[in-house]
Trainee: 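Right, I'll just put the structure down here and ask away after.
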Amino acid sequence: MLYDYEYFKKEVFALTGIDLSSYHESQMKRRIDTLIGKHKITGYDRYAQLLRTDRERFEEFVNYLTINVSEFYRDPEQWRVMEREIIPELIGKFGKNLRVWSAACSTGEEPYSLVMALSRHLPLGCIKVYATDIDRQVIEKAKIGLYSEKSVLSVPEELKRRYFRKSGAFYQISDEIKSRVEFGRHNLLRDTYPGNYNLIVCRNVLIYFTEEAKDRVYRKFYQSLAAGGILFIGSAEQVMNHKAIGYVKKKSLYYEKPA
């Protein structure tokens, strides 16, 4: 069975570019086994064959594998730190045209939250957020910008009134916010990283990675930041070796690349 899974990892990498060896194996195998059981398939080899031949099952697999759980203003207190301290400091350092990257952005809640947070300090016309994810399906959902009531629960009321329209049981985010985000595909474990960013936000994704993979990603983020730039991570995460990489820890979830 171990050999079977090793074969499957190679097949998945060839098909998707996703390196399962960089994820916690027990967590990932449980997720994959659940999906295989759902389709009543016996063995990883047969499931790999299905992924090669069935586009719908392939897209289902990628969407299921790339754990897409998100919401606006997740950890509201940390977003208050962002609005009151981090954004004004970055504007003071770099000016109004900040370079902002939302990595592993899932269905768009995070980059749109960034635009709204920035809008309290800057005209919308000055704001541009680059948002990336490995999963094409979630990027398409993000571009549509339709969200459940639960997803927008933590959005400050004045921003919800200004930038959302109630549509049945859902909330549609405004085109003026959507227009400030540029979406693209990016694999954190495989692709070249863009550079010279003033703020990088990557939250609640690396908890699924091995320690070695986390280290590689945090080092690449460090290289992607401009001197004086800041990395914002998730509440269940920490950069264990931040000093060795070069970061200075500003707040519990904020790490700075020294000027």
Side-chain angles (χ1 to χ4, degrees), residues 70-106 108-133 142 145 152 154-164 173-184 186 193-205 217-218 220-235 237-239 242 245-259:
S70 190
E71 60 190 53
F72 286 87
Y73 281 78
R74 191 171 183 177
D75 306 316
E77 183 54 43
Q78 294 299 328
W79 282 92
R80 282 190 280 273
V81 172
M82 171 70 77
E83 291 186 353
R84 295 171 184 171
E85 300 179 39
I86 302 300
I87 292 174
E89 179 181 327
L90 291 174
I91 293 171
K93 287 181 186 176
F94 302 109
K96 293 182 177 181
N97 296 307
L98 295 175
R99 285 178 53 80
V100 182
W101 178 20
S102 174
C105 69
S106 188
E109 290 92 335
E110 186 174 274
Y112 292 143
S113 293
L114 279 166
V115 174
M116 288 187 287
L118 287 161
S119 75
R120 288 179 149 170
H121 300 272
L122 298 168
L124 279 174
C126 292
I127 300 169
K128 200 69 180 177
V129 175
Y130 181 48
T132 61
D133 200 276
V152 303
S154 295
V155 177
E157 281 302 318
E158 74 275 15
L159 295 179
K160 193 184 297 183
R161 288 193 299 269
R162 189 183 310 165
Y163 295 127
F164 288 86
I173 198 162
S174 71
D175 287 342
E176 58 183 332
I177 296 295
K178 287 201 293 183
S179 68
R180 308 323 305 167
V181 179
E182 177 189 350
F183 289 98
H186 185 267
Y193 280 40
N196 200 35
Y197 278 90
N198 310 128
L199 174 64
I200 297 175
V201 180
C202 184
R203 313 193 66 226
N204 308 298
V205 175
V217 171
Y218 286 135
K220 288 181 179 179
F221 280 149
Y222 185 85
Q223 295 302 319
S224 291
L225 285 168
I230 291 174
L231 170 68
F232 179 30
I233 64 172
S235 57
E237 300 165 332
Q238 56 181 315
V239 186
H242 68 274
I245 296 173
Y247 290 108
V248 173
K249 191 170 185 178
K250 288 183 65 67
K251 299 283 183 179
S252 61
L253 305 180
Y254 292 91
Y255 295 81
E256 183 179 27
K257 180 176 180 176

Trainee: Using 0.5 Å steps for rounding, measure from the NZ atom of K257 to the OG atom of S224.
Mentor: 8.0 Å

Trainee: At what distance, to the nearest 0.5 angstrom, does CG of L124 lie from OG of S174?
Mentor: 7.5 Å

Trainee: Would you indicate whether the side-chain heavy atoms of K249 and V239 approach each other to under 4.5 Å?
Mentor: no

Trainee: Please tell me if the side chains of D175 and K178 come closer than 4.5 Å, counting only heavy atoms from C-beta onward.
Mentor: yes

Trainee: Does a side-chain heavy-atom distance below 4.5 Å link Y255 with Q238?
Mentor: yes

Trainee: Could you go through Q78 and S252, starting from their C-alpha distance and side-chain angles, then the distance that decides it, and tell me whether this counts as side chain to side chain contact (heavy atoms under 4.5 Å, CB included)?
Mentor: CA-CA 9 Å; Q78 294 299 328; S252 61; 3.3 Å; yes

Trainee: Over all heavy atoms of both residues, which pair between N97 and C126 is shortest? Give the atoms and the distance, please.
Mentor: OD1-O, 3.8 Å

Trainee: Are any non-hydrogen side-chain atoms of E110 and F232 less than 4.5 angstrom apart?
Mentor: no

Trainee: Flag the pair F72 / F164 as yes when their ring centroid distance falls below 6.0 Å, and as no otherwise.
Mentor: yes

Trainee: Which heavy atom of V248 sits nearest to which heavy atom of P258, and what is that distance?
Mentor: CG2-CG, 3.6 Å

Trainee: Check step by step if salt bridge (Lys or Arg N to Asp or Glu O under 4.0 Å) holds for K250 and E89.
Mentor: CA-CA 12 Å; K250 288 183 65 67; E89 179 181 327; 3.1 Å; yes

Trainee: If you take all heavy atoms of I177 and V115, which pair is closest and at what distance?
Mentor: CD1-CG1, 3.7 Å

Trainee: Return the NE2 to CG distance between H242 and L231, rounded to the nearest 0.5 Å.
Mentor: 12.0 Å

Trainee: Who pairs with K96 by side-chain hydrogen bond (donor to acceptor under 3.5 Å, both in side chains), at least two apart in sequence or on another chain?
Mentor: none

Trainee: Taking the side chain as C-beta and beyond, is there a heavy-atom pair between L114 and M82 under 4.5 Å?
Mentor: yes

Trainee: So how far is it from H121 NE2 to R84 CZ, rounded to the nearest 0.5 Å?
Mentor: 10.0 Å

Trainee: Is any side-chain heavy atom of L118 less than 4.5 Å from a side-chain heavy atom of V129?
Mentor: yes

Trainee: Report yes if the side chains of E182 and K128 come closer than 4.5 Å at any heavy-atom pair, otherwise no.
Mentor: yes

Trainee: State which residue, out of F94, Y197, Y130, fulfils the side-chain contact (heavy atoms from CB on, under 4.5 Å) condition with R99.
Mentor: Y197

Trainee: Within the side chain of Y254, is there an N or O that forms a donor-acceptor pair under 3.5 Å with the backbone of I86?
Mentor: no

Trainee: Which atom pair, heavy atoms only, marks the closest approach of D133 to S106?
Mentor: OD2-N, 2.9 Å

Trainee: Between the side chain of N196 and the main-chain N/O of A226, is any donor-acceptor distance below 3.5 Å?
Mentor: no

Trainee: Hey, is E83 close enough to R80 for a salt bridge, meaning N to O under 4.0 Å?
Mentor: no

Trainee: Would N204 and S235 satisfy side chain to side chain contact (heavy atoms under 4.5 Å, CB included), going step by step from the backbone distance to the final call?
Mentor: CA-CA 7 Å; N204 308 298; S235 57; 4.2 Å; yes

Trainee: Mind running side chain to side chain contact (heavy atoms under 4.5 Å, CB included) on Y163 and V155 for me, showing each step along the way?
Mentor: CA-CA 10 Å; Y163 295 127; V155 177; over 6 Å; no

Trainee: Taking all non-hydrogen atoms of both residues into account, name the closest pair between L253 and R203 and its distance.
Mentor: CD1-NH2, 3.7 Å

Trainee: Go through the steps for L98 and L199 under the test side chain to side chain contact (heavy atoms under 4.5 Å, CB included), then give the verdict.
Mentor: CA-CA 8 Å; L98 295 175; L199 174 64; over 6 Å; no

Trainee: Check whether any side-chain heavy atom of S154 lies under 4.5 Å from a side-chain heavy atom of W79, and answer yes or no.
Mentor: no

Trainee: Which value, rounded to the nearest 0.5 Å, describes the distance between R162 atom CZ and S119 atom OG?
Mentor: 6.0 Å

Trainee: Assert yes or no for the condition that the ring centre distance of W101 to F221 is strictly below 6.0 Å.
Mentor: yes

Trainee: Can you name the closest pair of heavy atoms from C105 and S102 and give their distance?
Mentor: CB-OG, 3.6 Å

Trainee: Are more than 12 heavy atoms from other residues, nucleotides or ligands located less than 6.0 Å from atom NZ of K251?
Mentor: no

Trainee: Rounded to the nearest 0.5 Å, how far apart are CD1 of I230 and CD1 of I200?
Mentor: 11.0 Å

Trainee: Centres of the Y193 and H186 rings: under 6.0 Å?
Mentor: yes

